[in-house]
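Inspection log for the structure reproduced underneath, given as structure tokens.
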Amino acid sequence: MYQKQNGCHPCGGCIPNKARLSRPASGKPAGLAAYGGLYNSGTQLVFFTAADVPVQVKLNTPMPLKNVTAVNNSLTVQTAGDYEINYNILLNTSQASTAAAAVRRNGEILTQTRGSQTLAEDDTANLSFDGRLSASVIVPLSSGDVLDLVLLIVRTLPDNLNAIINNNANATLSIKKLDS
């Protein structure tokens, strides 16, 4: 038979009252106050014009959105707060190179989101160098901030470089508001 001790309840995992999660009147957890994402539903060619010059990644399909809008390959934050930003890109190129990816906020690269990778040779018949670029960071964002995802080739752009990102999970950008 269950006995209450020190204000505990029968859930088996007692949490001090100060640490309990607040719940709305429905009794269900409140969930995230804001979130959203984009991905690319088709294959896209990426055209680099010079080394170290960002090129926007096309993200034409919205994920579920709440207090975030998605327009023109970008996400717009509706409520200020601390957000987790995640992105993922699988880039295939025709030549050895080093690629970098980053998220821009209002046209400026968020330095904490920038990552780079030297693309590794693979065994495909067409494009023969691959690299997966991804990041997960927490940053404060303001209402109205516009985020987009960019790629660039680091230091030296090889002549006649062909680059491609395949569809679906090979190009994604998502955000989640962590505070209420």
Side-chain angles (χ1 to χ4, degrees), residues 21-24 26 28-49 52-93 97-120 122 124 127 129-154 163-180:
L21 299 175
S22 62
R23 296 182 183 266
S26 69
K28 295 180 181 176
L32 296 172
Y35 55 84
L38 292 164
Y39 68 94
N40 187 48
S41 61
T43 299
Q44 64 181 294
L45 299 176
V46 183
F47 299 99
F48 298 100
T49 58
D52 301 311
V53 175
V55 174
Q56 186 182 57
V57 176
K58 303 300 180 214
L59 300 168
N60 61 8
T61 306
M63 297 177 192
L65 303 166
K66 179 179 179 183
N67 293 320
V68 172
T69 58
V71 178
N72 298 327
N73 305 304
S74 64
L75 297 171
T76 302
V77 173
Q78 301 300 309
T79 57
D82 291 332
Y83 281 78
E84 180 180 87
I85 299 174
N86 295 288
Y87 70 78
N88 177 54
I89 299 170
L90 177 59
L91 180 66
N92 308 109
T93 64
S97 57
T98 299
V103 174
R104 293 188 296 197
R105 175 178 52 199
N106 304 324
E108 298 294 323
I109 288 177
L110 288 166
T111 55
Q112 61 269 51
T113 68
R114 190 177 187 278
S116 63
Q117 175 162 354
T118 300
L119 305 182
D122 70 15
T124 61
L127 301 176
F129 296 87
D130 299 336
R132 185 167 300 277
L133 299 140
S134 62
S136 180
V137 300
I138 297 172
V139 297
L141 297 176
S142 300
S143 179
D145 280 350
V146 177
L147 306 174
D148 69 343
L149 183 58
V150 295
L151 276 172
L152 50 126
I153 297 298
V154 179
I164 190 170
I165 300 172
N166 288 310
N167 59 346
N168 299 321
N170 288 314
T172 64
L173 171 64
S174 64
I175 63 173
K176 295 182 279 192
K177 186 172 188 253
L178 300 176
D179 55 354
S180 53

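With sequence neighbours left out, the salt bridge (Lys or Arg N to Asp or Glu O under 4.0 Å) criterion links Lys176 to Glu84. Listed by chain and number, the residues in a side chain to side chain contact (heavy atoms under 4.5 Å, CB included) with Val137 are Ile85, Gln112, Thr113, Val139 (sequence neighbours excluded). With sequence neighbours excluded, the residues forming a side chain to side chain donor-acceptor pair (under 3.5 Å) with Tyr83 are Thr79, listed by chain and number. Residues passing the side chain to side chain contact (heavy atoms under 4.5 Å, CB included) test with Gln78 are Asn67, Thr69, Thr76, sequence neighbours excluded. Shown here are the side chain to side chain contact (heavy atoms under 4.5 Å, CB included) partners of Ala135, two or more places apart in sequence or in another chain: Tyr87. For Arg104, the side chain to side chain donor-acceptor pair (under 3.5 Å) test picks out Asp148, with sequence neighbours left out. For Ser143, the side chain to side chain donor-acceptor pair (under 3.5 Å) criterion is met by no residue, not counting sequence neighbours. Applying the side chain to side chain donor-acceptor pair (under 3.5 Å) test to Thr61 and every residue at least two apart in sequence or in another chain returns Ser41.
For the atom pair OG1 of Thr49 and CD1 of Ile153, the computed distance is 11.0 Å after rounding to the nearest 0.5 Å. Rounding to the nearest 0.5 Å gives a distance of 10.0 Å between CG of Leu32 and NZ of Lys177. Rounding to the nearest 0.5 Å gives a distance of 6.5 Å between CG of Leu119 and CD of Gln117. For the atom pair CG (Asp130) and OG1 (Thr93), the distance works out to 7.5 Å, reported to the nearest 0.5 Å.
Looking only at side-chain heavy atoms (C-beta outward), Leu152 and Val53 stay at 4.5 Å or farther from each other. Leu151 is listed as a side-chain neighbour of Leu133, based on a closest heavy-atom distance under 4.5 Å. No side-chain heavy atom of Tyr35 sits less than 4.5 Å from a side-chain heavy atom of Ser174. The side-chain heavy atoms of Arg105 and Leu141, taken from C-beta on, include a pair separated by under 4.5 Å. With contacts defined as side-chain heavy-atom distances shorter than 4.5 Å, the pair Val154/Asp52 qualifies.
Residue pairs satisfying the salt bridge (charged side-chain N to carboxylate O under 4.0 Å, His left out) criterion with at least one member in residues 70-82, sequence neighbours excluded, are absent. Every pair tested for salt bridge (charged side-chain N to carboxylate O under 4.0 Å, His left out) that includes a residue from residues 110-119 fails, sequence neighbours excluded, so the list is empty.
A pairwise comparison of heavy atoms in Val68 and Ala34 identifies CG2-CB, 4.4 Å as the closest pair. Heavy atoms only, all atoms of each residue included: Pro62 and Leu38 are closest at CA-CD2, 3.7 Å. Closest approach of Ala99 to Leu91, counting heavy atoms only: CB-CD2, 3.6 Å. Residue Ser116 comes nearest to Thr98 through the heavy atom pair CB-CG2, 4.4 Å, listed as atom of the first residue, atom of the second, then distance. The minimum heavy-atom distance between Ala70 and Leu75, with the atom names listed, is CB-CD2, 4.0 Å.
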Side chains of residues 166-173: which donor-acceptor pairs under 3.5 Å do they make with residues two or more places apart or in other chains?
residue: Asn170; atom: ND2; partner: Asn167; partner atom: O; Å: 3.3

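Residue Ile165 forms a side chain to side chain contact (heavy atoms under 4.5 Å, CB included) with just one option from Leu45, Asn92, Val57, and that option is Val57.
Residue Asn72 qualifies as open at atom CG: its count of foreign heavy atoms under 6.0 Å is 12 or below.
Panel note: side chain Gln44, backbone Lys58; a donor-acceptor pair is recorded below 3.5 Å.
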